[in-house]
Amino acid sequence: MPMVSAADKIHNVVILGSGPAGLTAAIYTARATLEPLMIEGEADPTGDQPGGQLMLTTDIENFPGFPDGIEGPELMQRFRQQAECFGTTIVSGAAIKVDLSERPFSVWTAGLADSDMPIKSHSLIIATGAHALHLNVPGEERLIGHGVSTCATCDGFFFRDQNIAVVGGGDSALEEAIFLTHFARRVTVIHRRDEFRASRIMVERAAANEKISFLLRSRVLEVVGSTRVEGLKVENVRTGSESMLGVTGLFIAIGHEPNSGIFKGQLELDSNGYIITQPNSSRTNVHGVFACGDVQDRVYRQAVTAAGTGCMAALDAEHWIRENVE
Ligand code: NAP
């Protein structure tokens, strides 16, 4: 792992985050000879880790170019190799504070040798991603990738003719439940209330789908299974009675949170904390700061769209640097 002496230079571009968006931005800025520095992020209790959310998935079959599929961690290793081979410096550590009020920008990190000194950069590409909210119940974390998933688009295909469950009562949960009926035999939506947060049309569509059934006023107490999901221990929140639901898959769709906390008060965020970028660009409200990937995308949230916006951020940053720094 390269050592970075924080104080010794002003970088052209610092990239925060090492998922598909950050690494694509790195490939492009490195090929543009901008010598990017990437701060890859650190593993934390929410499951975030260097490489982003794909590190938590198994087979990926919808990333173009891999007709036989590829495992998430291997895909990210390949992104990384490509970024490094063009001259990206990747350092381990998490950005914990930024000062975007003056240029060069300052980034403080945890986990680097001289963490007290900020890293200085003319421009910044933010690719810190988002994390799916978890239930935090026994068995859930252990069985992620083995029947527990937070992404129906990524993993639905693996549940052909199986009985599965979706937790949540918002648009995501019902959209995922409907999508999953293309594969599964039966989809049970487990929701803690008897009213849905989802839009009426989604509720109506889900209710009309004969493969979907509802377990309302219920919460998952435990994901049961030794090496794969075998069932869920569910509690009726009104009566307190417990039962077992025999399913081989659990999709958690209780919302996402963008990893944007350190930018609060410095960048424009929407009401859910997503960084606001200008239409058809990766520009934020601060000149020289660009955002890409899931930290600014509440709609698509796919690896390939993250990579696409990573490319946009790199091209925007390159253009900005040529005009403002050199
Ligand atoms: P959301 O609207 O915040 O809904 C989250 C759901 O998860 C709620 O029903 C909530 O229950 C439940 N929940 C939260 N924490 C829970 C926990 N610990 N245990 C059990 N259940 C829990 O999130 P979302 O569905 O991801 O949607 C986010 C935004 O994207 C929304 O604005 C949505 O409209 C939008 N979206 C739109 C579309 C579309 O238009 N096609 C598709 C997807 C998402 P409570 O209801 O009891 O709080």
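This chain uses plain numbering: 1 for the first residue, then up along the sequence. When a ligand or atom number is given, it counts from 1 through the structure's own listing order.
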Excluding sequence neighbours, so at least two apart, what forms ring pair (Phe, Tyr, Trp, His ring centres under 6.0 Å) with F251?
F159
Identify every side-chain donor-acceptor pair in residues 61-69 under 3.5 Å, counting partners at least two apart or on other chains, and give the distances.
none

Residues forming a salt bridge (Lys or Arg N to Asp or Glu O under 4.0 Å) with E222, sequence neighbours excluded:
K233
We want to know whether S106 and D99 form a side-chain donor-acceptor pair, criterion being a heavy-atom distance below 3.5 angstrom.
no
Output for ligand 1, non-hydrogen cut-off under 4.0 Å, lists L135, G168, G169, G170, D171, S172, E175, H191, R192, R193, R197, I254, G255, R298
I'd like to know whether the aromatic ring centres of H191 and F196 sit less than 6.0 Å apart in this structure.
yes
Within the supplied structure, the quantity of interest is the number of heavy atoms (other residues, nucleotides, ligands) at a distance under 6.0 Å from E35 CD; does it exceed 12?
no
